[in-house]
Amino acid sequence: MANAQAQLKKILKDIGEKTGVRVRLSPGTGEETAVSLACGDAVFEGYIDGTGREAERTARLLEYLVENADVHALLPDREEHLKAVLLGEGGAWYAFRFATKYAVKEGTCFALDIVPDKHLPEACELVRGCLAEGDFAVKMDRTRIAVVRFADGEQSAYEFGQFLWQSLYEELGIRASVGIGCEVAAFSEIAHSYSQAVTAVRMSNLFLDAGEVHSYREYLLVKMLEDVPKSRLEEYVMQFRIGNLDEVFDDTEIAETAEAFLESSLNVSEASRTLFMHRNTLMYRLDKIERITGLNIRKFSDAVTFRILSVLHRLLRQERRES
């Protein structure tokens, strides 16, 4: 209903500019004539000044003009329209209008958020050249590019994100942060996926995670905890009854070692190779974490607890910086 009303206001504004007739959507205090205005699947009551035969004729004309309005002519150009859809402006109705006007494909799709470190116009052109027919890319602002990708069954969303990152780096020397939203069933839901893609980029920056391509799925736990009030987060940390967490998480070497070990699925040999570190050095640092926190992150249950604590610590630290 709200979307239909917003569209009706645009139509009435256009009619007013062309005819000089002003229509209110709420009754006034003087003499007026009611107008029945059908927009989409909704019908609204409008009001114009005056009564009598002339006002009635104007009311009938307005009803006709609204019912037969060329809504496409009121829509912004393609890029601005797509940006509005991705940002969730106008809801599903706006997405439907875009899909109808530009013959958008049906089927599952997902969005990507790409933040190049330089040369955004050139990066956008290259990204467009990497897309299949029916996909979209648009500059959202001076720093980021949004991509709408329809699933093709050949590349996973993550593989496609890696492909775009590699293309930007190899062909233009551009490094980019790439966030990937979850797949949605139809284009009308793409705003949800784009919001997730933006969140993935933001979270990767907040946690200084390795790699340039990140999926929203990686940060579901973080997003759930981020939505919890700060006082409750602090309460959760207290319940763990861990000593000085700063001693672990503010020690770059220890924190990076723990992160690599968790990312290596608790495999000591793989973590050692990733860090270019002797196995004994790695074991010493894991033992140090256990001495400080009481958590042996070689065990799965303690590793999960440590991961939750690391998320809580970083979210609280971020809140302190912003306050």
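We count residues from 1, following the sequence as given.
Counting only residues at least two apart or on different chains, the side-chain hydrogen bond (donor to acceptor under 3.5 Å, both in side chains) pairs with a member in residues 265-277 are Ser269-Arg279.
Although no hydrogens or angles enter the test, the distance criterion places a donor-acceptor pair under 3.5 Å between the side chain of Lys105 and the main chain of Glu133. Between the side chain of Ser193 and the backbone N or O of Ala111 there is at least one donor-acceptor pair closer than 3.5 Å. Listed for the Glu212 side chain is no donor-acceptor partner under 3.5 Å among the backbone atoms of Ala176. Side chain of Ser195 to main chain of His192: no donor-acceptor pair is present (N/O by atom type, distance under 3.5 Å, no hydrogens or angles). Although no hydrogens or angles enter the test, the distance criterion places a donor-acceptor pair under 3.5 Å between the side chain of Arg128 and the main chain of Ala137. Here the side chain of Thr100 pairs a donor or acceptor atom with the backbone of Phe96 at under 3.5 angstrom. The backbone N or O of Thr108 lies less than 3.5 Å from no partner atom in the side chain of Glu183, so there is not a single donor-acceptor pair.
Between Glu56 and Arg60, at least one side-chain N (NZ, or NE/NH1/NH2) sits under 4.0 Å from a carboxylate O, which counts as a salt bridge.
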Show me, pair by pair, the donor-acceptor contacts under 3.5 angstrom made by side chains of residues 142-153, not counting sequence neighbours?
residue : atom : partner : partner atom : Å
Thr143  : OG1  : Asp141  : OD1          : 2.8
Arg144  : NE   : Asp113  : OD1          : 3.0
Arg144  : NE   : Asp113  : OD2          : 3.3
Arg144  : NH2  : Asp113  : OD2          : 2.5
Arg149  : NH1  : Asp135  : OD2          : 3.0
Arg149  : NH2  : Asp152  : OD2          : 2.9
Arg149  : NH2  : Gln155  : OE1          : 3.4
Asp152  : OD1  : Glu154  : N            : 2.9
Asp152  : OD1  : Gln155  : N            : 3.2

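The CZ atom of Phe160 sits 9.5 Å away from the CD1 atom of Ile180 when rounded to the nearest 0.5 Å.
Open room surrounds CZ on Arg53; 12 or fewer heavy atoms of other groups in view lie less than 6.0 Å from it. For Lys13, the NZ atom is loosely surrounded, since the number of other residues' heavy atoms within 6.0 Å does not exceed 12.
Between Phe98 and Phe136, the ring planes are perpendicular. Angles over 60° get that label, and only those under 30° would be called parallel.
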